[in-house]
*Asks:* 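To start, I am sharing the structure in question, which I have written as structure tokens.
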There are 2 protein chains.
Amino acid sequence: MAEYFEKSLKRCTDCQCMSQLFGLLNKEELEFVDANKIHVNFKAGETIKKQGTFMSHVLSVNSGLAKLYLEGIEGRSAILRIVKPSNFIGGPGIYHDQRHHFSITALLDSSVCFIDLQVFKKILSTNQVFAEEFLKDFSRDVLTVYNRLIYLTQKQMPGRMADALLYLHDEIFEQSKFPMILSRFELSELSAMSRESAVKLLRDFQKEELIRISDHELEILDIDALRKISHIG
Amino acid sequence: MAEYFEKSLKRCTDCQCMSQLFGLLNKEELEFVDANKIHVNFKAGETIKKQGTFMSHVLSVNSGLAKLYLEGIEGRSAILRIVKPSNFIGGPGIYHDQRHHFSITALLDSSVCFIDLQVFKKILSTNQVFAEEFLKDFSRDVLTVYNRLIYLTQKQMPGRMADALLYLHDEIFEQSKFPMILSRFELSELSAMSRESAVKLLRDFQKEELIRISDHELEILDIDALRKISHIG
DNA sequence: ATGAAAAATTGATATATCTCAACATTAAAC
DNA sequence: GTTTAATGTTGAGATATATCAATTTTTCAT
């Protein structure tokens with residue numbers, strides 16, 4: 001509890017978990033942000049943002065982990081990416097229609113800053129370097145989706161599951177042993193297959209000793225083999 | 001041939017086929033663009049831009065039609081969208097790495113303007129309204145890809161093919177009878193299936209009298225039924 | 001600790017989809 | 001116009017994947 005208050009009282013100018021993007025702001029701009037932000041803590045499982053709702057703020061994740069996903073047809077979702085601490089979250093709604101076009105749910109207890117959208121836009125229009133970096137960030141996200149579209153439509157299940165695990169390894173945890181933050185069902189949403197198929201593939205991967213799963217931890221034993229599976233699709 | 005020269009000599013300030021985006025520029029800005037653009041005519045089938053190459057210019061299509069597609073695994077492609085006259089084409093490469101992240105090939109004889117990227121960026125940084133509209137355009141494209149990702153991964157083949165045809169109807173031609181600019185193979189690339197499957201679905205749709213194909217023209221006979229197929233996936 | 005709910009597992013079966021191979025038609029090149 | 005190449009068509013068979021139903025394990029609230 002002590003930690004809760006400490007964090008929420010911390011000012012942007014002292015923040016250690018700021019996204020690279022906000023690191024480009026000067027002191028006055030940061031104070032402007034600070035005066036127009038809301039800081040909220042979420043428990044694992046809670047919805048941080050719901051697709052379709054009005055976008056009043058942009059987000060910056062200070063700590064924890066979350067999944068960012070598209071809600072599709074008949075309740076099915078596609079996880080676009082995992083959100084890490086210091087990740088900025090804007091999205092195409094900023095300029096299109098001021099709505100959120102994806103949902104975000106906390107996977108771990110997470111601390112999130114909500115920065116007023118108009119304030120954010122104001123700074124974008126006055127700070128050239130900031131604007132440029134924002135666009136870089138946005139563009140990177142778009143390329144991730146391009147990639148995802150290709151691999152989800154052109155690879156078979158083993159390749160897609162390998163890609164999902166490699167994504168967690170390469171981009172999220174950056175080590176061969178990491179906590180299983182995603183349920184089998186969520187893994188299936190990340191790799192566009194049924195829950196049962198995800199279970200079977202993980203079992204196969206374990207049988208072939210490519211991975212080991214125990215105590216809510218996943219260890220990648222043979223990353224080269226996984227990369228090969230990813231490669232051959 | 002006369003037409004070729006006439007078009008290529010036309011100045012931006014007199015251009016009738018300018019994208020909405022460039023319509024926001026004032027006379028001086030247009031003259032700046034005019035002085036730093038190249039105008040090129042392409043024959044149907046020619047490659048306008050190749051994925052992976054250096055992005056020296058952004059594009060604006062004056063006339064004709066083109067396909068914009070991602071080159072994926074083992075030569076397979078995914079068509080992202082059809083480019084119409086007056087469409088602006090930038091892409092995530094502008095801010096990410098100055099490379100093209102998709103390829104563009106002319107479907108019909110097409111006339112395309114190439115605007116110097118640095119000039120384009122310069123105007124972006126000086127004309128607020130222009131910048132805002134550019135971002136709207138970019139964001140709309142991103143949402144198209146979100147949509148595509150969902151429908152390609154969560155619908156079955158009949159729904160995907162219905163979506164492809166409805167896309168041509170609703171967004172490209174806006175009438176129930178239109179020229180078959182895409183081969184069966186290209187239609188399969190638009191709906192993420194094999195060429196043979198695309199052929200079969202079109203045959204099925206024809207048998208059920210939802211569409212009619214003759215003389216390089218496709219006519220949608222029962223759009224409500226198509227929408228229903230799209231809807232049920 | 002206990003029971004209820006949620007998640008994971010499994011194998012059998014049904015279905016969707018691709019691949020292959022053979023052939024037909026159309027467009028392009030000479 | 002004839003030949004050649006590209007595109008389109010078809011059905012059969014193989015394969016990938018989803019669905020279903022039954023069971024076990026884990027998690028969570030009381």
Side-chain angles (χ1 to χ4, degrees), chain A residues 43-46 67 72-78 105 107-109 151-164 179-207 211-218 229 232-233, chain B residues 43-46 67 72-78 105 107-109 151-164 179-207 211-218 229 232-233:
Chain A
K43 292 217 181 71
E46 287 183 328
K67 59 176 176 176
I73 296 159
E74 288 169 23
R76 277 197 290 166
S77 296
T105 298
L107 293 168
L108 304 175
D109 292 358
Y151 98 63
L152 292 181
T153 58
Q154 301 192 344
K155 288 186 186 184
Q156 305 194 169
M157 291 200 304
R160 302 206 297 272
M161 179 56 77
D163 278 338
M180 272 296 267
I181 44 159
L182 297 176
S183 68
R184 304 298 199 258
F185 182 61
E186 288 168 325
L187 267 180
S188 81
E189 291 181 324
L190 185 59
S191 48
M193 61 183 70
S194 72
R195 183 172 36 111
E196 293 94 327
S197 292
V199 168
K200 276 170 217 178
L201 280 164
L202 288 178
R203 175 173 31 126
D204 291 348
F205 286 179
Q206 284 190 85
K207 267 190 196 147
I211 61 172
R212 173 164 44 221
I213 303 176
S214 55
D215 301 325
H216 306 262
E217 284 205 321
L218 187 145
I229 291 172
I232 60 179
Chain B
K43 292 218 183 71
E46 286 183 329
K67 59 176 177 176
I73 297 159
E74 288 168 23
R76 277 196 290 167
S77 297
T105 297
L107 294 169
L108 304 175
D109 291 359
Y151 99 63
L152 293 181
T153 58
Q154 301 192 343
K155 288 187 186 184
Q156 304 193 171
M157 291 199 304
R160 302 207 297 272
M161 180 55 77
D163 278 339
M180 273 295 269
I181 44 159
L182 297 176
S183 68
R184 305 302 147 105
F185 182 61
E186 287 168 325
L187 266 180
S188 81
E189 290 181 323
L190 185 58
S191 49
M193 63 183 69
S194 72
R195 184 173 35 113
E196 293 94 327
S197 293
V199 167
K200 275 170 218 175
L201 281 163
L202 289 178
R203 171 171 36 124
D204 291 349
F205 286 179
Q206 285 189 86
K207 268 191 195 145
I211 61 172
R212 173 164 43 222
I213 303 175
S214 55
D215 300 326
H216 307 262
E217 284 205 322
L218 186 145
I229 291 172
I232 60 179

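Side-chain atoms are counted along with the backbone in the values below, which use heavy atoms only and exclude waters and symmetry mates.
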*Asks:* For B:K43 versus B:D109, what's the shortest heavy-atom pair and its separation?
*Replies:*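 Taking every non-hydrogen atom into account, CA-OD1, 3.4 Å.
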*Asks:* Just compare D:dT17, C:dC18, C:dA12 and give me whichever is closest to any side-chain atom of A:K200.
*Replies:*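 Among the listed nucleotides, the one closest to the side chain of A:K200 is C:dA12.
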*Asks:* Take atom CZ of B:R203 and atom P of C:dA24, then tell me their distance rounded to the nearest Å.
*Replies:*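 Nearest whole value for this atom pair: 16 Å.
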*Asks:* Does a side-chain N or O from A:S197 land closer than 4.0 Å to OP1 or OP2 of D:dA18, or not?
*Replies:*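 Answer is yes, contact under 4.0 Å.
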*Asks:* Tell me which of A:H216 and B:Q206 sits closer to the 5' end of DNA chain D, going by the nucleotide each one is nearest to.
*Replies:*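 It is B:Q206, whose closest nucleotide lies nearer the 5' terminus.
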*Asks:* NA contact type, A:S183, heavy-atom cut-off 4.0 Å: base, sugar-phosphate, or nothing?
*Replies:* sugar-phosphate
*Asks:* When the distance from CD of B:Q156 to P of C:dA14 is rounded to whole Å, what number comes out?
*Replies:* 17 Å
*Asks:* Of the candidate nucleotides C:dT10, C:dC18, D:dT17, which contains the atom at the shortest distance from the side chain of A:V199?
*Replies:*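 Among C:dT10, C:dC18, D:dT17, the one nearest the side chain of A:V199 is C:dT10.
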*Asks:* Say you draw a straight line from CD1 of A:I229 to CE of A:M161; how long is it, rounded to the nearest 0.5 Å?
*Replies:*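 It comes to 11.5 Å.
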*Asks:* Which atom pair, heavy atoms only, marks the closest approach of B:L190 to B:Y151?
*Replies:*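 Closest heavy-atom pair between B:L190 and B:Y151: O-OH, 3.6 Å.
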*Asks:* Please pick, from D:dG8, C:dC20, D:dT19, the nucleotide with the shortest atom-to-atom distance to any side-chain atom of B:F185.
*Replies:*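 Closest nucleotide among those given: D:dG8.
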*Asks:* Out of C:dC20, C:dT17, C:dA8, which has the shortest distance to the side chain of B:M157?
*Replies:* C:dT17
*Asks:* Find the distance between CD (A:E74) and CD1 (B:I232) and round it off to the nearest 0.5 Å.
*Replies:* 9.5 Å
*Asks:* Hey, is the side chain of B:R195 poking within less than 4.0 Å of OP1 or OP2 on C:dC18, counting only N and O atoms?
*Replies:* no
